[in-house]
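Quick caveat, the model's predicted, so the values are computed rather than measured. Letters A, B, ... are given to chains in the order of the sequence lines, protein chains preceding strands, and every chain is numbered from 1.
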There are 2 protein chains.
Amino acid sequence: MEFSIGELSRRTGVKVPTIRYYEAAGLMPPAPRSEGGQRRYGRADAERLTFIRHARELGFEPDAIRELLALTAEPDRSCSEVDAIAVRHLRDVERRIASLGRLRDELGRMIAECSHGRVGDCRVIETLGDHQHCISEHGDAREAAPALR
Amino acid sequence: MEFSIGELSRRTGVKVPTIRYYEAAGLMPPAPRSEGGQRRYGRADAERLTFIRHARELGFEPDAIRELLALTAEPDRSCSEVDAIAVRHLRDVERRIASLGRLRDELGRMIAECSHGRVGDCRVIETLGDHQHCISEHGDAREAAPALR
DNA sequence: TCTACGATCTCTAGCGACTAGAGGGTCAAG
DNA sequence: CTTGACCCTCTAGTCGCTAGAGATCGTAGA
């Protein structure tokens, strides 16, 4: 019924150090320990960790996951807050898609204009160095750029 | 003709500490110094920094920017390498858009299925906790997720 | 019961691309 | 020559992990 952190890792696909990190970050509760001080887990932990992993895969941030987990603990509450978190995240993803779309268009245009000659005449290089050049519509590119990864 | 780091910052829109960071990171050359040890810049530096900023806004990574800058220094070379870097980056952006698109669909479905009742019955919560659940088509979601920010 | 070996423990440090602050020195206008 | 805005270096922090060192634990075979 009880199992080790390695077994939990195998069951959920989350790496061992990451599980410990989640505990330190407050996403997972502090695990009870064996006599020798090793963490012991049960079925509920595996479920919680799976929940966390899926939420991460869907791009939810730890803060949002913490909220979702807190809400999960109160099954009788209205799920409108859950909904709100998910919708907020959806909007965020949509914004990112739009921003990347503008990027793609700009890159495409840049590449299309290249005459495949010398570097000195390259439109790609020219566009990048252009002082006038700006892709953002609302000045969000400067914020968005580091986040594009 | 020569100006300070603050002036360079004003001209390019790149923050002062970031300029120093770029120098340390090898994107900007070590700036010549005044008698008192302060960095002095010229027009070429402003252009290079503008180039870097635009490339960053377009999501090019420092490594790619370094390559592009190295190529810019040899105007007589064929710009096919420049092209290759840009195309590679475009593909990357397209992959990211596709991945985010799947995410958006999944989130949308999740939210649509929610009956707006109790947390205990919430499909959003259920979906996240589901062991079977998996959004990736080629197992790339696990890699992509942390990079989505 | 002993031993061997893999698994686990904590702690520290590193990644990338900056950002923020401390504590001090420099520049240029008045 | 003073003032105050600017600049310097250095260290440390951010986030979400990941990687190692060195020590301890758990368990299966002899």
Side-chain angles (χ1 to χ4, degrees), chain A residues 1-28 30-41 45 49 52-66 69 89 92 96 141-149, chain B residues 1-28 30-41 45 49 52-67 69 89 92 141-149:
Chain A
M1 200 59 215
E2 291 202 321
F3 43 85
S4 71
I5 197 168
E7 177 62 23
L8 179 63
S9 169
R10 246 163 277 127
R11 291 190 190 195
T12 60
V14 177
K15 286 181 194 159
V16 169
T18 303
I19 297 173
R20 288 196 276 251
Y21 170 76
Y22 284 163
E23 181 178 317
L27 285 172
M28 289 294 287
R33 304 299 182 110
S34 71
E35 297 217 345
Q38 301 194 352
R39 290 172 181 81
R40 293 296 129 178
Y41 295 97
D45 296 302
L49 190 51
I52 294 169
R53 178 166 76 81
H54 290 162
R56 290 293 296 125
E57 280 176 4
L58 285 171
F60 284 92
E61 312 214 1
D63 274 352
I65 298 177
R66 253 182 290 269
L69 284 167
H89 181 51
D92 199 57
R96 240 141 58 195
R142 208 115 83 242
E143 295 163 42
L148 290 173
R149 277 251 65 206
Chain B
M1 199 63 212
E2 290 202 319
F3 42 86
S4 70
I5 197 169
E7 178 60 24
L8 180 63
S9 169
R10 246 164 276 128
R11 291 190 190 195
T12 59
V14 178
K15 286 180 193 159
V16 168
T18 304
I19 297 173
R20 287 197 276 251
Y21 169 76
Y22 284 163
E23 180 178 319
L27 284 172
M28 288 295 286
R33 304 299 182 110
S34 71
E35 298 218 344
Q38 303 194 353
R39 288 173 181 82
R40 295 293 129 180
Y41 295 97
D45 296 302
L49 190 50
I52 294 169
R53 178 166 77 81
H54 290 161
R56 290 292 296 123
E57 280 176 4
L58 286 171
F60 285 92
E61 312 214 359
D63 275 351
I65 297 177
R66 252 180 290 269
E67 288 181 66
L69 284 167
H89 180 51
D92 199 56
R142 207 116 82 240
E143 294 162 42
L148 289 174
R149 269 260 67 200

Within less than 4.0 Å of OP1 or OP2 of C/dC18, is there a side-chain N or O belonging to B/K15?
no

Rounded distance (Å) that lies between atom C1' of C/dC15 and atom CG of B/D63:
13 Å

B/R20: side chain to side chain donor-acceptor pair (under 3.5 Å) partners, not counting sequence neighbours:
none

Over its full length, what angle do the end axes of the helix from C/dT1-D/dA30 to C/dG30-D/dC1 make, each axis taken from five pairs and the result rounded to 10 degrees?
20°

If you compare every side-chain N and O of A/T18 against the phosphate oxygens of D/dT18 (OP1, OP2), does one of them come in below 4.0 Å?
yes

Using modelled atom types and a 3.5 Å cut-off, is there a donor and acceptor pairing between side-chain atoms of A/R53 and backbone atoms of A/G13?
no

By salt bridge (charged side-chain N to carboxylate O under 4.0 Å, His left out) - contacts of A/E2 (at least two apart)
none

For nucleotides 1-4 of chain C, which of its nitrogen or oxygen atoms have a protein nitrogen or oxygen under 3.5 Å away, and what is each distance?
none

Under 4.0 Å: is that the gap between some side-chain N or O of B/R56 and OP1 or OP2 of C/dC18?
yes

Under 4.0 angstrom between B/S4 side-chain N/O and D/dC7 OP1 or OP2:
yes

With DNA chain D as reference, determine whether B/G6 or A/P17 sits nearer its 5' end, using the nearest nucleotide of each.
B/G6

Check: protein-nucleotides 12-14 of chain D nitrogen or oxygen pairs below 3.5 Å:
none

Residues passing the ring-ring contact (aromatic ring centres under 6.0 Å, His included) test with B/Y41, sequence neighbours excluded, are none

Taking only residues two or more places apart in sequence, or in another chain, which ones meet A/P32 in a side-chain contact (heavy atoms from CB on, under 4.5 Å)?
none

Under 4.0 Å, heavy atoms only, any strand: does B/R10 hit a base, just the sugar-phosphate, or nothing?
nothing

Under 4.0 Å, heavy atom to any atom of DNA chain C: which of residues 19-28 of chain A qualify?
A/R20

Qualifying residues under salt bridge (charged side-chain N to carboxylate O under 4.0 Å, His left out), relative to B/R40, sequence neighbours excluded
none

Just N and O in the side chain of A/R39: are any of them under 4.0 Å from OP1 or OP2 of C/dT10?
yes

Just by protein heavy atoms under 4.0 Å, how would nucleotides 20-28 of chain D read 5' to 3' in B, S and -?
-----SS--

